[in-house]
Amino acid sequence: MKRVDILPAQGKLGVLLVGLGAVSTTLIAGVAAVGKGLAKPIGSLTQMGTIRLGKRTESRSPKISELFPLASPDDIVFGGWDIFEENCYEAAKTAGVLEPQLLDQIRPELEAIRPWPAVFDRKYVKRLDGPNVKRGKNKKDLAEQVSADIRRFKTERGLDRLVMVWCGSTEVYLTESPAHASIAAFEAALESSDESIPSSMVYAYAAIKEGIPYANAAPNLSADIPALVELAQRTRSPIAGKDLKTGQTLMKTIIAPGLKARLLGVEGWYSTNILGNRDGEVLDDPDSFKTKEESKKSVLDYILQPHLYPDLYRNIHHVVRINYYPPRGDNKEGWDNIDLVGWLGYPMQLKINFLCRDSILAAPIVLDVALFLDLAKRAGMAGIQEWLSFYFKSPQHAPELYPEHDVFIQLMKLKNTLRHLAGEELITHLGLEYYD
Ligand SMILES: NC(=O)c1ccc[n+]([C@@H]2O[C@H](COP(=O)([O-])OP(=O)(O)OC[C@H]3O[C@@H](n4cnc5c(N)ncnc54)[C@H](O)[C@@H]3O)[C@@H](O)[C@H]2O)c1
């Protein structure tokens, strides 16, 4: 197989973060701390992962970062927008994820990052309001202001390449509308400030129009509409989303494939969470929660395939709850009760209690997504990057396909894509040749 031509990762990579909240500040502080040797990048495939190449007998398992010219975290320059004026140090303190002792060791780097005024409208995030907001004559004007921020950042910081990741709050539930159907309809809707264009789409449009890769860490539609997918193809921008797969859903997509592999039936799956950070506060609004709920609920249907296994999964009761509970801050606690059915219909139960840290799980995967999107751009890949489904609860996918949610299939797809780019044989795990 031939190695795909990939442009080198020369110079600096600008990572544009929309929303400097818990996830973004934990990422930025983490990259700075790792760069100073204060901590390890645990949870990041690009930083710690290896990839097996060739036959098992060859013993070739280089680090992924050695296989490709991935951007080095030391070459990343962060910039971003938020509706609050706090610099990144203050925002990290507000988020309360990382210890003050760690933040104080990287304080100057964090203080230097001040959010640019945001495109924001309370219509789409009802529980928040802040002073650092752009004014414009219409949404097209706002998109142009975002592009101007990006261009200024690129010039002032001497950047070679850029990637944008929406790490802003979850917007209210929206479905596709005629304004999302084509680039022309979308641009007309920007001009008339159509209600069906929330703030996240304004940023996504500004990035994709410039050929900048775009990812969505939250469940709102954002770039997952025909107009922006078409624009991404036209400008050769890789895009990925939606909604980072971190706590409870990560566990669900690890456990469910295992139950199905053994053909154990599932009658019910009850998931509940308590969460006390700003994300939890935003999700306390029923319209934002609806966006999250849709994203969290779809995974079981696709993994368990009730249409193929009606006896096992046809009548599954799947319930997902998130309760805002301030004392917990970012330290979410999730409970899952799974009602299983075994041989001859005998019932069993499985209980999972995950005491996780939301942003500690999210930060490394935002880093991976940013670095892999930059790789995709340099490799000439454009449009939806389904191989990055591994990182998302609601993977963006082509309209004619169903999304793949099984985390093990997703990882296989990601690694086989890397092998393909490197001109290495794809791994099938067949291995019959060893027994000839
Ligand atoms: N932490 C996780 O594990 C995880 C997992 C999946 C998805 N997410 C999603 O990622 C997003 C970020 O999570 P978080 O915990 O950092 O939330 P957060 O509330 O701490 O941060 C979001 C930030 O975005 C800002 N913001 C909102 N609208 C904006 C806009 N239009 N422009 C600029 N800034 C804007 C807010 O002011 C806030 O500072 C949320 O949507 C969340 O649902 C997080």
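Just so you know, ligand 1 is whichever comes first in the structure, and atom 1 is the first atom listed for that ligand. What you are looking at is a predicted structure, and each value in this text was computed from that prediction instead of being measured.
Taking atom 25 (C) of ligand 1 as the reference point, the nearest protein heavy-atom neighbour is Asp82 OD2, 3.3 Å. Among all protein heavy atoms, the one lying closest to atom 8 (N) of ligand 1 is Ala217 O, 3.6 Å. The closest protein non-hydrogen atom to atom 13 (O) of ligand 1 is Val23 CG2, 3.6 Å.
Residue-to-ligand polar distances keep Ser24 apart from ligand 1: every N/O pair is separated by 3.5 Å or more. Between Val119 and ligand 1, a contact under 3.5 Å exists for at least one N or O pair. For a threshold of 3.5 Å applied to N or O pairs, the pair formed by Asp243 and ligand 1 contains no separation below that value. Taking any N or O of Asp330, backbone or side chain, none lies under 3.5 Å from an N or O belonging to ligand 1. Considering backbone and side-chain N/O atoms, Ala22 comes within less than 3.5 Å of an N/O atom of ligand 1.
Checked for salt-bridge contact, Lys413 and Glu404 miss the test: no charged N lies under 4.0 Å from a carboxylate O. Salt bridge absent: Asp374 and Lys377 never bring a charged side-chain N and a carboxylate O closer than 4.0 Å.
When Phe84, Tyr203, Tyr124, Phe120 are ranked by how near their heavy atoms come to atom 32 (N) of ligand 1, first place goes to Tyr203. With Gly19, Cys167, Ala118 as candidates, the residue nearest to atom 22 (C) of ligand 1 on a non-hydrogen basis is Cys167. The option with the heavy atom closest to atom 11 (C) of ligand 1, from among Gly96, Ala95, Gly168, Pro117, is Gly168.
When atom types are taken as modelled, the side chain of Ser44 and the backbone of Asp368 share no donor-acceptor pair closer than 3.5 angstrom.
Using a 4.0 Å cutoff on heavy atoms, Lys332 does not count as a contact of ligand 1.
Residue Arg122 places its CZ atom among more than 12 non-hydrogen atoms of other residues, nucleotides or ligands, all under 6.0 Å distant.
Contact annotation for Tyr391 and ligand 1: no heavy atom of the residue comes within less than 4.0 Å of the ligand.
No side-chain N or O of Asp121 forms a donor-acceptor pair with one of Ser199 less than 3.5 Å apart. Side-chain contact, Ser222 with Lys242: no donor N or O sits under 3.5 Å from an acceptor N or O. Between the side chains of Lys332 and Gln248, no donor-acceptor pair of N or O atoms lies under 3.5 Å. Side chains of Tyr302 and Asp406: no donor on one and acceptor on the other come within 3.5 Å.
Between the CG atom of Leu27 and the SG atom of Cys167 there is a distance of 7.0 Å, given to the nearest 0.5 Å.
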